[in-house]
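This report refers to the structure that appears directly beneath it.
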Number of protein chains: 2
Amino acid sequence: MLTERQIQVLKVIIDEFIQSAQPIGSRAIAKKDGITASPATIRNEMADLEELGFLVKTHTSSGRVPSEKGYRFYVDHLLIPFQLSSQDMGVIQHTFAREMLEFEKVVQQSAKVLSDLTSYTSIVLGPQVFETTLKKIQIVGLSDHSAVAILVTSSGHVEHRYFNVPKMLKSSDLEKLVNILNDRLVGVPIIQLEQKLSGEIAGILQEHMSNLDKTYAFLQQALLEEQPAKLYMDGKTNMMRQPEFNDIQKIQSLFSIMEQEDEIAKLLKTSDKGIKVFIGHENQIREMQDCSLITASYSLGDKQLGTIALLGPTRMEYSKVISVLNALSVQLSRTFDSWY
Amino acid sequence: MLTERQIQVLKVIIDEFIQSAQPIGSRAIAKKDGITASPATIRNEMADLEELGFLVKTHTSSGRVPSEKGYRFYVDHLLIPFQLSSQDMGVIQHTFAREMLEFEKVVQQSAKVLSDLTSYTSIVLGPQVFETTLKKIQIVGLSDHSAVAILVTSSGHVEHRYFNVPKMLKSSDLEKLVNILNDRLVGVPIIQLEQKLSGEIAGILQEHMSNLDKTYAFLQQALLEEQPAKLYMDGKTNMMRQPEFNDIQKIQSLFSIMEQEDEIAKLLKTSDKGIKVFIGHENQIREMQDCSLITASYSLGDKQLGTIALLGPTRMEYSKVISVLNALSVQLSRTFDSWY
DNA sequence: TTTAGCACTCAAGGTTACAGAGTGCTAACA
DNA sequence: TGTTAGCACTCTGTAACCTTGAGTGCTAAA
């Protein structure tokens, strides 16, 4: 569809624009290595590329700027694998060399590295518990009417939920309850907890003890309550350094949406394996339609755990960002695998 | 030191400037209720107030703007108690009416209410564990070389720390360890854990078992590791709506410092009881020297638990902010008290 | 001590002029 | 037929200039 030369011109324009954020003129392109045609010829090609929707002008006599369609073509067909500098690789290695025992810390550090290496905003969705099994459950009474249930999963995740207990309940009853739960639930995938709790276990409990009904209802409610996935973002302020966001209005609307972590989390949850690129209006969230979002996933074994992503202006260093995400995705998966 | 009329003029200027963010001229002041003097007289007073350091001009022929010294005087002597609107009170009531069982949720909601009611940025330092005692300790092995220790405090706080265990350790030994720890440590104030762990307990363990040494060292390290206090901020983007921050540079430096939560936490930790106002350069952090920070504390019984604060431009609605902080501080303390 | 009057200052906004970058089109060229 | 040089045209950004309006400081009178 596009001629060889058109592709060449398009690539030069996007590469240059990613660096300079300025519209690119025909003269500048003609000077580039690999380009033999004269400015006039380039102008003709540019007019064609504009007609095809790959380029736009900011005003009648300005140079050209890539359109979203242009970026899409660039990402799909023109991307050359980016070799991370040994310095950048060093930063990653160094970060993961420190012994870290916690998911949280690892994930948080990843967000930091991502934004540091790219100067964009990183978003990391913490590991989901879906795929793990229950390792231990413990209940600790706090007062005569409240208690906390603590769950430890096979992946080492610790969660706790508070719930009410009726005043008349004896602590020995609570102990009995914990024992039954541990007997029956250890090893059960977290995702099956709901089913087990309301089926099997409920029956057993009814046999053994009468006054536990109410407690059990509260506990069940606490355990099944959907916990929002942990979200880590880093380098938000990097966005302010991008020339496309030197407008308070834009910054504000972008930051407003970034404060709504649940929205962002929803966005990243749906991502599946591999690298995904969302350019401008391909983003569901309106406030992000001047931006591109690139997501990747990390896993434990073959189970997908979570998502890492980078948000930047549509004029993004796609090539580098994808490499960094790749490297980090591998590194994260490797780290988690080494734990088990 | 200041005449009655000077005080009157100063108050009008600050009140007006807080509303309009524009320099105030003598004519505007003369028109105000309660002011009988003519613009010329006011001008003389203003010149005096400027000489005394309470006012500044933005340029030779502009109206006057309060200086930090002016705000300080205003806060110390001119503040009239602000009556929260019943609507605002309603928002607070309503937020706390919903049953909440967790410190985290309550504290997070508080941050939200604070920023919603004031249109500034709220900062809430989560409850510190210093004053609480240990209620329960539990250790769960995760793999053959790692485990997680879970602590529950008397205030219902749950914390967990990961640590290494030598491979040769039997799980029965771990159990023994937990039992000893629970026997000896339950009821001990968290703040005394360090002492107990390295003194008394270390001795007992040495008697009972030999191969626990290494595990114990790791556990001790994990437990004593200083956990950063949880910090909740809300309404950061409110700052962008303030006219004094319609400059990307300023916004950026402010947001950069707000991302450094450890710095902020350090700042709030030092606060003691009652409301404290830090105006402009009274703030330790350079990037905040265009801002004022107002802090208050909340408590459980007579033990101070944490800090709530509001960050805004020096041109802040001091009166309202202080009322809101007061109301919330009371509400928070009341909520926590009701739990125990 | 207060006030009216007046000259003076400064910021902000609008207008004009101009240079620079870049385009599209035409006509000549290979 | 594709490529290129030349040229008129368009638009942006910046600087210089002017005008307006708000506000001051000072002086002299009340």
Side-chain angles (χ1 to χ4, degrees), chain A residues 1-10 12-17 19-32 34-67 70 243-244 246-248, chain B residues 2-10 12-17 19-32 34-67 70 243-244 246-248 315:
Chain A
M1 176 169 158
L2 292 185
T3 68
E4 198 54 45
R5 191 164 62 194
Q6 281 173 335
I7 291 178
Q8 211 182 5
V9 168
L10 182 59
V12 169
I13 291 180
I14 298 186
D15 282 337
E16 280 292 299
F17 185 70
Q19 291 307 317
S20 69
Q22 299 292 329
I24 315 298
S26 53
R27 239 175 71 90
I29 298 171
K31 277 188 198 148
K32 272 265 143 183
I35 303 275
T36 53
S38 73
T41 312
I42 306 289
R43 277 204 289 282
N44 290 330
E45 300 290 20
M46 287 163 93
D48 289 349
L49 283 168
E50 185 176 357
E51 211 164 345
L52 291 168
F54 293 100
L55 297 177
V56 281
K57 279 191 286 201
T58 57
H59 57 89
T60 38
S61 73
S62 75
R64 299 308 203 292
V65 159
S67 69
E244 29 273 278
N246 62 1
D247 172 28
I248 296 270
Chain B
L2 292 185
T3 68
E4 198 53 44
R5 191 165 60 196
Q6 281 173 335
I7 291 178
Q8 214 182 2
V9 169
L10 182 59
V12 169
I13 290 181
I14 297 185
D15 282 336
E16 280 292 299
F17 185 70
Q19 291 307 318
S20 69
Q22 299 293 329
I24 314 299
S26 53
R27 239 176 71 90
I29 298 170
K31 276 187 199 149
K32 271 266 144 183
I35 302 274
T36 54
S38 73
T41 312
I42 306 288
R43 278 205 290 283
N44 289 329
E45 300 289 20
M46 286 163 92
D48 289 348
L49 283 168
E50 184 176 357
E51 210 166 346
L52 291 168
F54 293 100
L55 297 178
V56 280
K57 280 190 286 200
T58 58
H59 58 88
T60 39
S61 73
S62 75
R64 299 308 205 290
V65 158
S67 68
E244 29 273 277
N246 61 2
D247 171 28
I248 296 270
R315 181 190 63 80

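It should be emphasised that the depicted structure is a prediction, and the values quoted were computed from it without experimental measurement. Chain letters run A, B, ... following the sequence lines, proteins first and then strands; every chain starts at 1.
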Self-check item: Spacing of A/D48 atom CG relative to C/dC25 atom P, expressed in whole Å
Solution: 12 Å
Quiz item: Reckon A/T41 has a side-chain N or O less than 4.0 Å from the OP1 or OP2 of D/dT4?
Solution: yes
Exercise. For B/T58, report the nucleic acid contact type (base, sugar-phosphate, nothing); a contact means any heavy atom under 4.0 Å.
Key: nothing
Quiz item: When rounded to the nearest 0.5 angstrom, what distance separates CD1 in B/I42 from CD in B/Q6?
Solution: 11.0 Å
Exercise. To the nearest 0.5 angstrom, please state how far the CD atom of B/E45 sits from the CG atom of B/L52.
Key: 10.5 Å
Quiz item: Rounded to whole angstrom units, what separation is found between the CZ atom of A/R43 and the P atom of C/dG22?
Solution: 11 Å
Quiz prompt | Separation of D/dT4 C1' from A/I35 CD1 (nearest whole Å) | solution = 16 Å
Quiz prompt | 5′-ward residue of the pair B/T36/A/T60 relative to DNA chain C | solution = B/T36
Quiz item: Please give, in whole Å, the distance from D/dG25 P to B/I42 CD1?
Solution: 13 Å
Self-check item: Side-chain N or O of B/K57 closer than 4.0 Å to phosphate OP1/OP2 of D/dA22
Solution: no
Practice problem: Examine the base of C/dT9 for any acceptor or donor lying under 3.5 Å from a partner atom in the side chain of B/S61, and report the outcome as yes or no. | Solution: yes
Self-check item: Heavy-atom donor-acceptor pair, B/S67 side chain to B/G53 backbone, under 3.5 Å
Solution: yes
Quiz item: Among B/R64, B/M46, B/E4, which one satisfies side-chain contact (heavy atoms from CB on, under 4.5 Å) with B/V9?
Solution: B/M46
Exercise. Return the value, rounded to whole Å, for the distance between atom CG of A/N246 and atom P of D/dG13.
Key: 11 Å
Self-check item: B/N44 CG to D/dC26 C1', straight-line distance once rounded to whole Å
Solution: 10 Å
Quiz item: B/S62 side chain to B/T58 main-chain N or O, any donor-acceptor pair under 3.5 Å?
Solution: yes
Quiz item: Taking only side-chain nitrogens and oxygens of A/R5, does any of them come within less than 4.0 Å of OP1 or OP2 of D/dG2?
Solution: no
Quiz item: How many Å lie between CE on B/M46 and P on D/dC26, as a whole number?
Solution: 14 Å
Quiz item: What about A/R64: does its side chain form a donor-acceptor pair under 3.5 Å with the base of C/dG24?
Solution: no
Quiz prompt | Check: A/R27 side chain, C/dG20 base, donor-acceptor under 3.5 Å | solution = no
